[in-house]
Asks: 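Handing you this structure, nothing more for now.
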Amino acid sequence: MDSTLPAVAEELLKEIKKAFQETSHDTFSFRLKFIFGPSAVPALDLVDQRSVTRVTSPSGRAAYQVLGSSGKLYTCYSSCHFCTCPAFGFSVLQKSESLLCKHILAVYLSQAMGACQELTVSEEQLTSILLAEEEDEG
Amino acid sequence: LCRGGLAERLCRLQNRERSAISFWRHQCISDAKIPSDKSGVLIVKILEMFEECTIQVAICQQLEQSPATLSSEDVVISAGEPILKVLFARETAAHLKNRPQDIIHIYPPWQKLLLKNADVPVIMNTYFSQKVLLTEHSETREKTYGLTKMLVRKNVISLAQTFRLDDLDDELRQESSDNQVACGPQIHNNHAVKQHPLGHSTVNDSLLEMVESQGAVGWRETKVRVVIQRVYCLPAREGYRSHIQGNKALRMFYRLCLLVQDAYGMFSEVQLQSLSSSDDIEQYCRRWEGKFCCLSGMKVLQRTTRGRALGLFSLIDSLWPPAVPVKVPGQSQDSEMMTTNLPPPSFCYILTVQSGEIHVEVDEEEQISNLYQPPVVHGLKDILQIDGCNERCSFWAQVLYLRLQTKHSVPINQREIWLFVTDSTLQDVVHVTPKVVAVSVAASCVLSTGMTEALGVASRPVFFKDALWGNGKIICVERTVLLLQKPLLYSAAGADLSELAGPVRLDELDSTTQANSVCALRGTVVGVNESTAFSWPTCDRCGSGKLELCPQDRGLLYCNQCSEVVISPVLKMQLEVFLSCPSRSQSTVKVKVRHKISYGVLSIVRLGIYEVQSVLGKEVGFLNCYVRSIISHPNCVVLEEIVLL
């Protein structure tokens, strides 16, 4: 049977996009919390802080970079749901507890609300963002 | 959390809701009532359940009345009864312990969502839900619940299923603009524009009007005509850099930026595409500065003010007042109404490009605008005498020596570089000012790889455009550009910019010498710091210091680079010597000296003996040195011998 949750999440985000052009945001706040649970407030906070940047290259390829609360920069793909943050690996991939991590949700919310920053880079640079290796600590 | 932001609001709402839920649940347990005709209550019977992430999805049939009033046999699924998809949050599901055939009462406020392509409505925010137990079967049911653990199927959600927020008509509009791919470096701009005309767009000449009328979203239709006053590179956002770099060798990203001015004298900084450091900023400066250009497809990144962007405004101040009278907004544009008597700007819009569009049409063929103010070049002597702080200045100077900051925790291309420079105004005249000045180049001042290579190789003149003078120092920061050639246009302000005649002279070490400067000294060697002395042989052909002992004859040296035996190795020696200098007789002068002594055929054993004795008592004459530090107690000057470029 086809899954239900993604369609619900998508419809909700579409409504948020439309609602944002109007005035009241409280109507979607509750729904956001219901569907996305503990990610909702942190994601909205990331949107408030304009932490999401859409990075594009001349070929049209895009990725998203989100400046997390710790100051670390995470990369979210645009072609599928993926984020370089540890919470994604844990909650989404390993435990299938959430559809998205707070960074991916922040990307969608920023798109819906027109709060995305834009950055254009060269092909080379975008490739290196997408292929970024793990940073060695110490 | 941001004050008044969306997150804070949700937090508050959430807290209120949480207490409402627990209050309601508590009430249900104590009251144990079954409201049947209360409006707004949804009565459903679960047909099927599964789990997705932590949400429980229940396919339900909506019931007209509470089944408590019907007998169990009557509660049968009949075709035509509406089907719903009810979502329960993890906590609610755990509380309810749902099973198929259960009847649930869902109290308001619940929410309904209608999906576009589906018939089945979705019910969510079902926090206030209660299970109805049919009294006859309650006992058996409880026994069943206790014994078997309910296994609920879990649906796996694919990561490939992304969300599309645009409706079809929005999508169509998007596609048409996506086809216009942004060009690479805009040198070819003029031609590209002729192929993709922006239609019947009107050309405006006021930045302020554009920003205010089009809003922050973007200017798709109209264009603004402005003059490019300066072209420079800015390092990319901090967060952006630190992600890529970490502790490894790094690549810096820079954005090409323009400082433009419109016909009303208003400035704006336009941030264009990224460049890697190998791109040549000089090209852009030569081709674009002073020319007119039309901006379109811009978006306002920020409106910044003097207090927040000191660097940007110091550059704007250097271009104020305007070179020619500018228009006054709101007045009819007779020439009498134009003025240069305006206060310097207090705010500036920072614009950035929107993706997928051609933004900047530079009219390279046209003449330089009258509004353009080329950099005013001064001799170093005049700059050192400027009164004031945070003044932008431009000069043409010879770089004699380069020194890199030695902090190892800072990545190489974020380190400060010190350039020791001079020009004819400092060299040719005997006066109080120093002969050589130290210019600090901060990491925020972008140097092209061509510039970095050129600086390290040989002494050469460099044009410093819009460096910053303040607190007795010249520094190169953001918006300063270093060029290898003099710009096409500059105003010489009476300075003599001729090439240096004769060899460069340094100040002699004396009581006024400061740390972090270069000087010349002479004296006699009175002591050697033997603990730090060492020497090493180098290959006389290639200069490599990595020589090995020959396997065949352990008395000879072999160079791996040249793949040959080294017959006459050049001995390099590093010593710290103490000198007695007549020009600064009260201080102990310690100099790290590098000495090159060439030997004939030599065995390794004998190399060690020659160092110290050959050096004591020697007269050292006019050594060029870098002053590392000056210690007052005991009075000591620590220097390092350097080789000027």
Side-chain angles (χ1 to χ4, degrees), chain A residues 1 3-14 17 25-26 29-35 37 40-42 44-45 47-49 54 56 58-60 65 67 71-73 75 78-82 92 96-99 108 111-112 114 117-122 124-125 128-129 132 135-136, chain B residues 1-2 5-7 9-11 13-14 17 50 52-55 57 85 87 89-90 109 111 113-116 118 122 124-125 154-157 159-165 167 178 181-184 217 236 239-240 242-244 246-248 251 253 273-274 276 299 301 352-356:
Chain A
M1 130 153 327
S3 51
T4 301
L5 209 49
V8 173
E10 184 179 54
E11 184 62 35
L12 178 55
L13 287 165
K14 275 194 193 168
K17 182 176 181 185
H25 308 307
D26 289 351
S29 292
F30 282 121
R31 300 180 172 198
L32 207 62
K33 178 69 193 160
F34 180 81
I35 294 292
V41 170
L44 283 174
D45 190 40
V47 176
D48 287 335
Q49 308 214 31
R54 182 164 179 264
T56 48
S59 65
Q65 291 205 306
L67 191 61
K72 281 195 84 171
L73 201 65
T75 303
S78 57
S79 53
C80 66
H81 287 166
F82 181 79
V92 180
S96 292
E97 259 178 1
S98 332
L99 271 181
Y108 278 120
Q111 278 180 33
Q117 311 241 35
E118 297 274 342
L119 175 65
T120 318
V121 298
S122 70
E124 257 193 323
Q125 289 159 357
S128 79
I129 291 172
E135 285 186 8
D136 298 324
Chain B
L1 296 182
C2 279
L6 298 166
R9 288 210 335 237
L10 178 55
C11 242
L13 292 171
Q14 193 183 310
E17 192 182 61
F50 43 88
E52 288 182 13
C53 297
T54 54
I55 303 251
V57 182
K85 265 189 193 172
L87 306 184
R90 173 168 36 190
Q111 304 249 1
L113 194 68
L114 293 167
L115 299 180
K116 244 199 178 116
V122 174
M124 44 195 273
N125 288 69
K154 187 160 170 137
N155 270 353
V156 173
I157 313 279
L159 293 175
Q161 187 174 4
T162 51
F163 307 149
R164 304 213 57 179
L165 304 190
D167 288 328
D178 280 346
V181 171
C183 295
V217 178
Y240 188 71
S242 62
H243 170 66
I244 307 289
N247 289 328
K248 303 181 200 167
R251 286 170 56 196
F253 298 136
Q273 77 275 13
S274 257
S276 66
K299 156 168 109 158
L301 189 63
T352 185
V353 299
Q354 296 201 331
S355 51

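Note on naming: letters A, B, ... go to the chains in the order of the sequence lines (proteins, then strands), and numbering restarts at 1 for each one.
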Asks: Considering all heavy atoms of both residues, which atom of B:Asn155 and which atom of A:Ser3 are nearest to each other, and what is their separation?
Replies: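 Result for this residue pair: ND2-CA, 4.0 Å.
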Asks: Distance from B:Arg90 atom CZ to A:Glu97 atom CD, nearest 0.5 Å?
Replies: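 Interatomic distance, B:Arg90 CZ to A:Glu97 CD, rounded to 0.5 Å: 5.0 Å.
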Asks: Heavy-atom distance under 4.5 Å to chain B: side chain of A:Tyr108, backbone, both or neither?
Replies: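 Backbone plus side chain of A:Tyr108, per the 4.5 Å heavy-atom cut-off to chain B.
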Asks: Would you say the side-chain atoms of A:Glu118 pair up with the backbone N or O of B:Thr352, donor to acceptor, closer than 3.5 Å?
Replies: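 It does not hold such a pair.
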Asks: As an exercise: rank B:Leu87, B:Val122, B:Val156 by heavy-atom pairs under 4.5 Å with chain A and give me the winner.
Replies: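 Max contact count across the listed options: B:Leu87.
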Asks: With rounding to the nearest 0.5 Å, note down the distance linking CG in A:Leu99 to OG1 in B:Thr54.
Replies: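 These two atoms lie 8.5 Å from each other.
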Asks: Rounded to the nearest 0.5 Å, what separation is found between the CG atom of A:Leu32 and the CG atom of B:Leu6?
Replies: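 Those atoms lie 9.5 Å apart.
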Asks: Nearest 0.5 Å, what's the CZ-CD distance between B:Arg164 and A:Gln111?
Replies: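 These two atoms lie 10.0 Å from each other.
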Asks: Measure B:Leu114 against the heavy atoms of chain A and call it side chain, backbone, both or neither at under 4.5 Å.
Replies: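 Only the backbone of B:Leu114 comes within 4.5 Å of chain A.
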Asks: Please classify the contact between B:Leu115 and chain A as side chain, backbone, both or neither, with a heavy-atom cut-off of under 4.5 Å.
Replies: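 B:Leu115 touches chain A through backbone and side-chain heavy atoms alike.
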Asks: State, with a plain yes or no, whether a side-chain heavy atom of A:Lys14 is found less than 4.5 Å away from one of B:Phe163.
Replies: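 No, too far: nothing below the 4.5 Å cut-off.
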Asks: Give, as side chain, backbone, both or neither, the part of A:Ser96 having an atom under 4.5 angstrom from any heavy atom of chain B.
Replies: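 A:Ser96 touches chain B through backbone and side-chain heavy atoms alike.
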